[in-house]
Amino acid sequence: MPSDREATESPITQGVTEERRCYTFPFSAPPVDPTVKIYDETLADLSSSCLSGSLSVNGNNVITPLVIGLAAGKIYYLACHATIGASRKGGFVRIMAEFP
């Protein structure tokens with residue numbers, strides 16, 4: 001992830017009881033084979049417990065699954081990668097979990 005680009009909106013906050021699907025990653029062309037993962041501060045992959053549902057593609061944008069089950073006071077990294085042309089591109093947004 002260090003070589004990925006951080007979104008300009010980052011960091012953002014999300015309440016621990018919220019479920020959000022509003023995270024959208026724009027690409028310069030329609031993304032191929034997109035992936036979305038969420039990591040904690042130690043870069044442990046928490047996708048199986050903190051992402052619910054499927055990602056979707058709308059034009060050049062990847063829309064994430066629901067982000068759920070965050071712990072207050074923790075920072076998470078929501079990362080998205082896709083193939084654009086012959087290159088694998090990606091970015092991430094920092095999510096700061098807080099009480100609602």
Side-chain angles (χ1 to χ4, degrees):
M1 247 184 0
S3 62
D4 290 344
R5 292 177 27 162
E6 184 170 10
T8 55
E9 298 84 3
S10 186
I12 58 176
T13 58
Q14 178 171 329
V16 295
T17 58
E18 286 184 83
E19 294 181 348
R20 282 197 185 172
R21 185 190 290 267
C22 64
Y23 302 113
T24 302
F25 288 87
F27 288 91
S28 59
V32 176
D33 297 323
T35 59
V36 174
K37 293 190 178 259
I38 191 164
Y39 303 93
D40 68 8
E41 296 165 303
T42 68
L43 299 183
D45 186 348
L46 302 176
S47 300
S48 63
S49 60
C50 292
L51 294 178
S52 176
S54 302
L55 63 80
S56 62
V57 175
N58 184 358
N60 292 356
N61 300 304
V62 174
I63 302 161
T64 70
L66 287 173
V67 176
I68 61 170
L70 305 182
K74 301 289 184 183
I75 296 174
Y76 298 85
Y77 299 91
L78 183 65
C80 179
H81 294 89
T83 300
I84 305 297
S87 301
R88 193 80 178 152
K89 306 280 185 181
F92 70 95
V93 62
R94 283 182 293 146
I95 302 172
M96 300 172 68
E98 61 183 19
F99 288 109

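For clarity, every value in this text was computed on a predicted model and none was experimentally measured.
Here the closest heavy-atom approach between residue Gly59 and residue Pro31 is recorded as O-CD, 3.5 Å. Annotation for Ala29 and Ile84: closest pair O-CD1, 3.5 Å, computed over non-hydrogen atoms.
Here Ala71 pairs with Lys74, Tyr76 under the side chain to side chain contact (heavy atoms under 4.5 Å, CB included) rule; sequence neighbours left out. For Asp40, there are no salt bridge (Lys or Arg N to Asp or Glu O under 4.0 Å) partners at least two apart in sequence or on another chain.
A distance of 13.5 Å separates NE2 of His81 from CG of Asp33, quoted to the nearest 0.5 Å. For the atom pair Ser49 OG and Ile68 CD1, the distance stands at 8.0 Å (nearest 0.5 Å). How far CZ of Phe27 is from SG of Cys80: 4.0 Å, rounded to the nearest 0.5 Å. Note: Ile95 CD1 to Tyr77 OH = 11.0 Å, rounded to the nearest 0.5 Å. Annotation: the span from Thr83 atom OG1 to Arg88 atom CZ amounts to 4.0 Å, rounded to 0.5 Å. Here Leu66 contributes atom CG and Ser54 contributes atom OG; the two are 10.0 Å apart, rounded to the nearest 0.5 Å.
With a 4.5 Å cut-off on side-chain heavy atoms, Val57 and Pro34 count as touching.
With hydrophobic clusters built from ILVMFWY side chains whose heavy atoms lie under 4.5 angstrom apart, Met96 shares a cluster with Leu43.
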Evaluate the criterion side-chain contact (heavy atoms from CB on, under 4.5 Å) for residue pair Asn60 and Ser28; output intermediate values, then yes/no. CA-CA 6 Å; Asn60 292 356; Ser28 59; 5.9 Å; no
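Each of Leu46, Ile38, Thr64 was evaluated against Leu51; a single residue qualifies, Ile38, per the side-chain contact (heavy atoms from CB on, under 4.5 Å) test.
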